[in-house]
Amino acid sequence: MAEKQGPVSVITGGAGFLGSHLADYLLARDHTVIVLDNLITGNVANIEHLAGNKRFKFIEHDVTEYIYLPGTVDYIFHFASPASPIDYLELPIQTLKVGALGTHKALGLARAKKARFFLASTSEVYGDPLEHPQTEQYWGNVNPIGPRGVYDEAKRFAEAMTMAYHRYHGVETRIIRIFNTYGPRMRPNDGRVVPTFIGQALRNQPITVFGEGQQTRSFCFVSDLIEGIYRLMMSDCAEPVNIGNPHEMSVLQFAEEIIRLCDSQSEIVYKPLPEDDPKIRQPNIDKARAVLGWEPHMPLEPGLNETIAYFRELIAKQVI
Ligand code: UDP
């Protein structure tokens, strides 16, 4: 009897931080995984351990261009996008293109293959929120022409496009709104708070807190997030679902925690707050609890320790 084949999953942006962890997770569940990535912010080092796995394939491709794939595809996870404020500043057009054209191409592939489509959206659709914590019903407070608008509006457009393919073409779709997530494989120099503070603390350099550090974020460990992604994809929920950790703290508290856990001599220095930096952010995850039976489990300290160990190793190997 022929061996039963597992499902075939495509991950756009699969060489990035989240995409590569998702690839590991799906391979462990007998999926065949095809990663598409143009490597502008992704890194082959995140997937090189998968080379040689017969159920894994990497294709260097810019998903804003037509995607041709032979054979069956069951699931498409659309994660391709620059994802840090510094990246959107440096790559504003690519950020808009991948959210708009890339989402269109990935949805077209889903329609052609009769595959289920999963959009990696973001808490940035809520902008600088006037509702706190943010529920999925909140429509957001986004500045369309500000520096972050290229990401926020691209993702808002991507959500609209996804719902249009769902309603008009009957494509099975899922939308996750991802809140701040951290863990190994974050890009060391992507400018986001977690790799920046850890890199600074490990080198005993000043920790650059923006503004007075009173703005808040809520940090979710990557393994919790990936579990939420999988459960959402396998659910029958076509409406957006927040996935994140509601444990909220100020950026200043976060800096102090990193200094403590890195056993660092770093001092804190204050830098100007970037334009449109959201003042507060915390997910309301009632829907994820009710619909997916999901909630985060990893507390901050062990999650950060794992992440710090990863960056320590990169520094020791002189990769960064
Ligand atoms: N931040 C900071 N210092 C840094 C980098 C970031 O104080 O060196 C702050 C930033 O202003 C924001 C928060 O940390 O309030 C989270 O920033 P990040 O770039 O990680 O992502 P965001 O949540 O803003 O998308």
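Counting from 1, the numbers follow the sequence of the chain as shown. Excluded from the calculations below are hydrogen atoms, water molecules and symmetry mates; all remaining heavy atoms, backbone and side chain alike, are included. Note that ligands are numbered from 1 as they come in the structure, with each ligand's atoms numbered from 1 the same way.
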Next on the checklist: Side chains of S9 and F77, heavy atoms from C-beta outward: is any pair under 4.5 Å?
Outcome noted: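 Sidechains of F77 and S9: in contact.
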Checklist entry - With the threshold set at 4.0 Å, does a side-chain nitrogen-carboxylate oxygen contact exist between R156 and E124? => result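 The answer is no: the pair does not qualify as a salt bridge.
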Item to check | Residues K287, E136: salt bridge by 4.0 Å N-O rule | outcome: no
Checklist entry - Hey, do the aromatic rings of Y25 and H31 have their centres closer than 6.0 Å? => result no
Checklist entry - Parallel, tilted or perpendicular for H104 and Y165, by the 30°/60° rule? => result perpendicular
Checklist entry - Relative to F219, does R217 satisfy both conditions: NZ or CZ under 6.0 angstrom from the six-membered ring centre, and within 45 degrees of the ring's axis? => result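 Checked: cation-pi criterion not met.
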Distances under 3.5 Å, N/O of ligand 1 against N/O of the protein: list each pair and its distance.
residue: ligand 1; atom: 3 (N); partner: T208; partner atom: O; Å: 2.5
residue: ligand 1; atom: 7 (O); partner: F210; partner atom: N; Å: 2.7
residue: ligand 1; atom: 8 (O); partner: T208; partner atom: O; Å: 3.2
residue: ligand 1; atom: 8 (O); partner: T208; partner atom: OG1; Å: 2.9
residue: ligand 1; atom: 11 (O); partner: Q215; partner atom: NE2; Å: 3.4
residue: ligand 1; atom: 11 (O); partner: D277; partner atom: OD2; Å: 2.6
residue: ligand 1; atom: 15 (O); partner: Q215; partner atom: NE2; Å: 3.1
residue: ligand 1; atom: 15 (O); partner: R217; partner atom: NH2; Å: 3.3
residue: ligand 1; atom: 15 (O); partner: D277; partner atom: OD1; Å: 2.6
residue: ligand 1; atom: 15 (O); partner: D277; partner atom: OD2; Å: 3.4
residue: ligand 1; atom: 20 (O); partner: V193; partner atom: N; Å: 2.8
residue: ligand 1; atom: 23 (O); partner: N180; partner atom: ND2; Å: 2.9
residue: ligand 1; atom: 23 (O); partner: R217; partner atom: NE; Å: 2.6
residue: ligand 1; atom: 23 (O); partner: R281; partner atom: NH1; Å: 2.7
residue: ligand 1; atom: 24 (O); partner: R148; partner atom: NH2; Å: 2.9
residue: ligand 1; atom: 24 (O); partner: R217; partner atom: NH2; Å: 3.0
residue: ligand 1; atom: 25 (O); partner: E124; partner atom: OE2; Å: 3.3
residue: ligand 1; atom: 25 (O); partner: R148; partner atom: NH2; Å: 2.8

